[in-house]
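To start, the structure under review is shown below, and the notes come after it.
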Amino acid sequence: MAASRTGIEDILRFYADAGVDEALDEIATDRFGAMPEPLPPKSPAREPAAPRLGSAQPAAPALPRVQPAAGTVPDETQAALARELARKAASLDELRDIVAAFEGCNLKATAKTLVFADGNPAARVMFVGEAPGRDEDLEGLPFVGRSGKLLDRMLAAIGLDRATSAYIANVIPWRPPGNRTPTPHETEICRPFIERQIELASPEIIVTLGGPSAKVILHATEGVLKMRGSWRVHTTAGGKAIPAMPTLHPAYLLRNPAHKRLAWRDFLEVKARLRALTQD
Ligand code: URA
């Protein structure tokens with residue numbers, strides 16, 4: 001039976017609302033992972049030609065599996081390059097330019113824009129989310145969609161606002177297609193950039209939003225519901241220890257409004273710590 005035009009429009013609208021707005025595979029393509037096995041050589045129709053006189057005949061070495069195919073490079077090479085480049089950035093502006101020019105993460109190929117940061121880089125508190133969604137990708141700014149509006153209200157509740165007293169970034173600066181979860185490889189490639197971003201912004205307090213951010217920034221192994229609300233420490237490459245509060249992601253709170261009270265407690269902790277640091 002042929003689907004009606006309105007039926008198709010409804011389905012497409014549903015997909016767009018769910019963040020599925022790219023015609024891509026369901027499963028993340030590992031563009032940097034193991035290379036496909038080389039095709040087996042065609043079976044010779046005839047006896048191979050006799051070696052030419054004088055030409056050496058070493059046994060053909062098997063190609064190492066990590067040998068990059070044309071146009072691709074193994075992940076660790078990209079992660080190492082990201083580390084080297086991130087170290088070179090002497091300011092947040094330089095880091096932004098470096099990330100914008102970096103070609104080693106496949107997410108850049110499908111994202112529309114780089115989502116580097118928003119807010120005041122000199123703010124006392126830095127908020128770190130997971131990865132941009134559709135709205136963020138369109139605007140080039142983190143947390144501008146529905147969860148961003150909730151984050152703004154949470155900031156206001158403790159006397160902060162994104163224009164002056166909060167600095168906001170994500171672990172991953174490019175939107176994963178269809179809002180899929182970033183792969184571990186993508187995360188490791190992007191990790192040096194967010195770590196350097198934290199080091200250069202040098203906030204007094206970090207707030208990680210959601211489990212994936214806590215995992216990367218705080219090396220957390222437990223679930224976010226378990227760890228939220230208790231202070232941790234993020235140590236920069238230069239050795240500065242920054243107190244960090246893991247809390248729930250605003251998108252999670254939109255789906256689970258009953259847990260807003262938990263995030264509220266975490267935000268009150270942040271407010272109290274800021275006050276205590278001022279009095280020190
Ligand atoms: N979720 C995030 O983790 N980051 C954003 O910027 C938007 C939604």
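Just follow the structure's listing: the first ligand is 1, and inside any ligand the first atom is 1.
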Checking T235 against K240: is there a side-chain donor and acceptor pair closer than 3.5 Å?
no

Go through ligand 1 atom by atom and flag the ones less than 4.0 Å from a non-hydrogen atom of H249.
1 (N), 2 (C), 3 (O)

Nearest protein heavy-atom contact for atom 2 (C) of ligand 1: which residue, which atom, what distance?
A131 O, 3.1 Å

Taking 4.0 angstrom as the limit and counting only heavy atoms of S147, give me the atoms of ligand 1 inside it, by number and element.
8 (C)

Test item: side-chain donor near acceptor, N106 and E186, under 3.5 Å:
yes

Can you label the angle between the H249 ring and the F143 ring as parallel, tilted or perpendicular, going by 30° and 60°?
tilted

Heavy-atom pairs closer than 4.0 Å: do any link ligand 1 to the side chain of S213, the backbone, both, or neither?
neither

Does ligand 1 have any atom that is closer than 4.0 Å to a heavy atom of A251?
no

Let me check something: do M126 and I172 share a hydrophobic cluster, defined by ILVMFWY side-chain heavy atoms less than 4.5 Å apart, either directly or through other members?
yes

Transitive ILVMFWY side-chain link F127 to V144, under 4.5 Å:
no

Report yes if some heavy atom in the side chain of L81 is under 4.5 Å from a heavy atom in the side chain of F102; otherwise report no.
yes

Atoms in ligand 1 with a heavy atom of P142 nearer than 4.0 Å
6 (O)

Starting from atom 4 (N) of ligand 1, which protein heavy atom do you reach first, and at what distance in Å?
N170 OD1, 2.8 Å

Backbone of V128 reached by a side-chain donor or acceptor of S213 within 3.5 Å
yes

Is the shortest N/O to N/O distance between P132 and ligand 1 below 3.5 Å?
no

Ligand 1 and E136, any nitrogen or oxygen pair closer than 3.5 angstrom?
no

For ligand 1, which atoms sit closer than 4.0 Å to a heavy atom of E130?
2 (C), 3 (O)

Neighbour count >12 (heavy atoms, 6.0 Å) for atom CZ, R146
no

Interfacing atoms of ligand 1 (cut-off 4.0 Å, heavy-atom, G129)
3 (O)

